[in-house]
Amino acid sequence: MDGWPRTEAEALAVQAGIRERADAVGPGPEGVRLIAGVDVAYQVEGERVAAAVVVLDAGTLEVVEQATAVGEAKFPYVPGLLAFREIPPVLDAMAGLSRRPDLLVCDGYGYAHPRRVGLAVHLGVLLDLPCFGVAKSPFLYRHGELGPERGATAALTDGEEVVGRAVRTRAGVKPVYVSVGHRVGLAEACAYTLALTAGGFRLPESTRRADRACRDALSRG
DNA sequence: GCGACAG
DNA sequence: ATCTTGTCGC
């Protein structure tokens with residue numbers, strides 16, 4: 001990672017450029033066969049980080065391939081600048097894949113971001129791959145009530161603007177927060193989220209697998 | 001200015 | 001994110 005930002009000011013400038021390159025949420029990719037989950041784990045004290053990309057068969061949700069990478073964190077955690085901390089190790093892991101996924105699912109936000117350049121937008125643009133994010137908390141945003149059944153949704157808003165959707169992936173359990181990243185529409189991202197949680201867990205199978213993989217990689221290597 | 005704040 | 005065992009519940 002050569003010209004990676006080192007200061008917040010540099011990161012903000014990079015974000016502005018990424019936002020300009022972000023694809024205006026079109027209809028999305030056709031014939032998606034490979035869906036990849038992305039996640040990063042950190043070590044308590046040190047700078048060590050581990051990233052994992054796990055590729056699933058879109059039809060069966062079985063793991064097709066996975067790659068991990070361990071290294072040193074190159075940016076601190078700053079709300080709104082999470083991408084600068086997570087992307088370097090993720091790109092390293094991506095380089096280890098033999099096949100290019102058709103769609104990426106990130107653990108965090110995309111468009112639902114103070115400047116509309118969350119992790120899923122940033123990663124999608126850099127790799128030029130369809131990408132969206134699924135977060136576990138609403139961050140700065142709000143949403144109305146949604147039914148208790150699996151599949152219920154409510155708009156996630158920032159003032160008047162809809163930035164994503166709260167999606168109940170499991171009956172009676174706290175919803176997940178889906179937002180668009182790059183080259184995928186919100187409705188489609190939500191549909192993929194439900195398909196990826198058909199197994200009964202709150203989080204997408206893709207991020208569950210990636211979460212486990214990067215933790216293992218961190219504890220071993 | 002102060003606190004809150006995806007992971 | 002991470003520090004953390006057992007435990008209550010379907």
Side-chain angles (χ1 to χ4, degrees), chain A residues 4-5 8 11-12 15 18-19 22 37-54 68-93 104-125 131-143 148-150 156-159 161-167 169-182 186 189 193 199-204 206-220:
Chain A
W4 201 248
E8 293 190 21
L12 289 172
Q15 271 191 344
I18 293 292
R19 181 62 256 167
V38 176
D39 196 19
V40 179
Y42 304 89
Q43 189 165 286
V44 197
E45 6 82 35
E47 307 284 273
R48 294 186 66 70
V49 300
V53 180
V54 179
T68 60
V70 293
E72 304 293 306
K74 296 183 175 175
F75 205 89
Y77 169 64
V78 179
L81 298 179
L82 176 66
F84 294 91
R85 183 167 175 75
E86 307 227 323
I87 285 180
V90 169
L91 293 182
D92 287 344
L104 299 178
V105 182
C106 293
D107 184 25
Y109 282 118
Y111 190 82
H113 175 280
R115 293 169 294 281
R116 310 296 183 245
V117 201
L119 174 62
V121 169
H122 201 141
L123 187 61
V125 168
C131 181
F132 68 89
V134 178
K136 300 181 288 294
S137 85
F139 196 18
L140 310 173
Y141 311 109
R142 300 165 181 275
H143 63 79
E149 77 283 5
R150 167 175 151 82
L156 187 66
T157 58
D158 180 1
E161 185 179 15
V162 173
V163 296
R165 207 123 95 190
V167 179
T169 54
R170 188 178 175 180
V173 172
K174 176 180 179 175
V176 294
Y177 308 89
V178 177
S179 66
V180 136
H182 185 57
L186 181 57
T193 298
F201 294 97
R202 177 166 88 116
L203 299 179
S206 45
T207 68
R208 295 185 68 245
R209 303 308 271 249
D211 180 76
R212 247 191 65 174
C214 65
R215 287 198 206 206
D216 287 352
L218 186 64
S219 65
R220 290 179 317 198

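Hydrogens, waters and symmetry mates play no part in the numbers below; they use all other heavy atoms, side chains included. All figures in this text were calculated on a predicted structure; none of them were measured in a lab. Throughout, a chain's letter reflects where its sequence line sits, starting with A, and its residues are numbered from 1.
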Enquirer: Please state how far atom CG in A/Leu81 lies from atom P in B/dA6, giving the value in whole angstrom units.
Expert: 13 Å
Enquirer: To the nearest 0.5 angstrom, please state how far the CG atom of A/Leu156 sits from the CZ atom of A/Arg165.
Expert: 10.5 Å
Enquirer: With under 30° as parallel and over 60° as perpendicular, where do the rings of A/Tyr109 and A/Tyr141 fit, or are they tilted in between?
Expert: perpendicular
Enquirer: When the distance from OH of A/Tyr109 to C1' of C/dA1 is rounded to whole Å, what number comes out?
Expert: 16 Å
Enquirer: Salt bridge or not for A/Arg208 and A/Asp107, using N-O below 4.0 Å?
Expert: no
Enquirer: Expressed in angstrom and rounded to an integer, what is the separation of A/Ile87 atom CD1 from C/dA1 atom P?
Expert: 18 Å
Enquirer: Distance check needed: B/dG7 C1' versus A/Leu218 CG, whole Å only.
Expert: 14 Å
Enquirer: Would you say the ring centroid of A/Trp4 lies under 6.0 angstrom from that of A/Phe75?
Expert: no
Enquirer: To the nearest Å, how far apart are A/Leu82 CG and B/dC5 P?
Expert: 15 Å
Enquirer: Hey, does the side chain of A/Lys136 come within less than 4.0 Å of B/dG7's phosphate (OP1/OP2), counting only N and O?
Expert: yes
Enquirer: Would you mind classifying the nucleic acid contact of A/Tyr42 as base, sugar-phosphate or nothing, using non-hydrogen atoms under 4.0 angstrom?
Expert: sugar-phosphate
Enquirer: Using a 5.5 Å cut-off between ring centres and planes within 30 degrees, is A/Tyr77 stacked on the base of B/dG7?
Expert: yes
Enquirer: Side chains of A/Val134 and A/Thr169, heavy atoms from C-beta outward: is any pair under 4.5 Å?
Expert: no
Enquirer: Are A/Phe132 and A/His182, when compared by the centres of their aromatic rings, separated by less than 6.0 Å?
Expert: no
Enquirer: As a test of reading the structure: which of B/dA6, C/dA1, B/dG7 is closest to the side chain of A/Arg215, going by heavy atoms?
Expert: C/dA1
Enquirer: Within this structure, what is the CD-to-C1' distance between A/Gln43 and C/dT2, rounded to whole angstrom?
Expert: 10 Å
Enquirer: Does the ring center of A/Tyr177 lie less than 6.0 Å from the ring center of A/His143?
Expert: yes
Enquirer: Have a look at A/Ala41 and say if it touches a base, only the backbone sugar-phosphate, or nothing, with a 4.0 Å heavy-atom cut-off.
Expert: sugar-phosphate
Enquirer: Can we say A/Asp211 and A/Arg215 salt-bridge, meaning some charged N sits less than 4.0 Å from an Asp/Glu carboxylate O?
Expert: yes
Enquirer: Rounding to an integer number of Å, can you tell me how far A/Arg212 CZ sits from C/dT2 P?
Expert: 15 Å
Enquirer: Consider the side chain of A/Leu140, meaning its heavy atoms from C-beta on, and name the nucleotide among B/dC5, B/dA6, C/dA1 that approaches it most closely.
Expert: B/dC5
Enquirer: Using a heavy-atom cut-off of 4.0 Å across all strands, would you classify A/Gly133 as base, sugar-phosphate, or nothing?
Expert: nothing
Enquirer: Where do A/Tyr42 and A/Glu86 land on the side-chain hydrogen bond (donor to acceptor under 3.5 Å, both in side chains) test, with the steps shown first?
Expert: CA-CA 10 Å; A/Tyr42 304 89; A/Glu86 307 227 323; 2.7 Å; yes
Enquirer: Just need the stems in DNA chain B: three or more back-to-back Watson-Crick or G-U pairs, each with both distances under 3.5 angstrom, sorted by first number.
Expert: none
Enquirer: Rounded to whole angstrom units, what separation is found between the CG atom of A/Leu119 and the P atom of B/dG7?
Expert: 10 Å
Enquirer: Pick out the pairs of N or O atoms, protein on one side and nucleotides 6-10 of chain C on the other, that lie under 3.5 Å.
Expert:
none

Enquirer: For the residue pair A/Tyr111 and A/Glu161, confirm or rule out a side-chain donor-acceptor distance under 3.5 Å.
Expert: yes
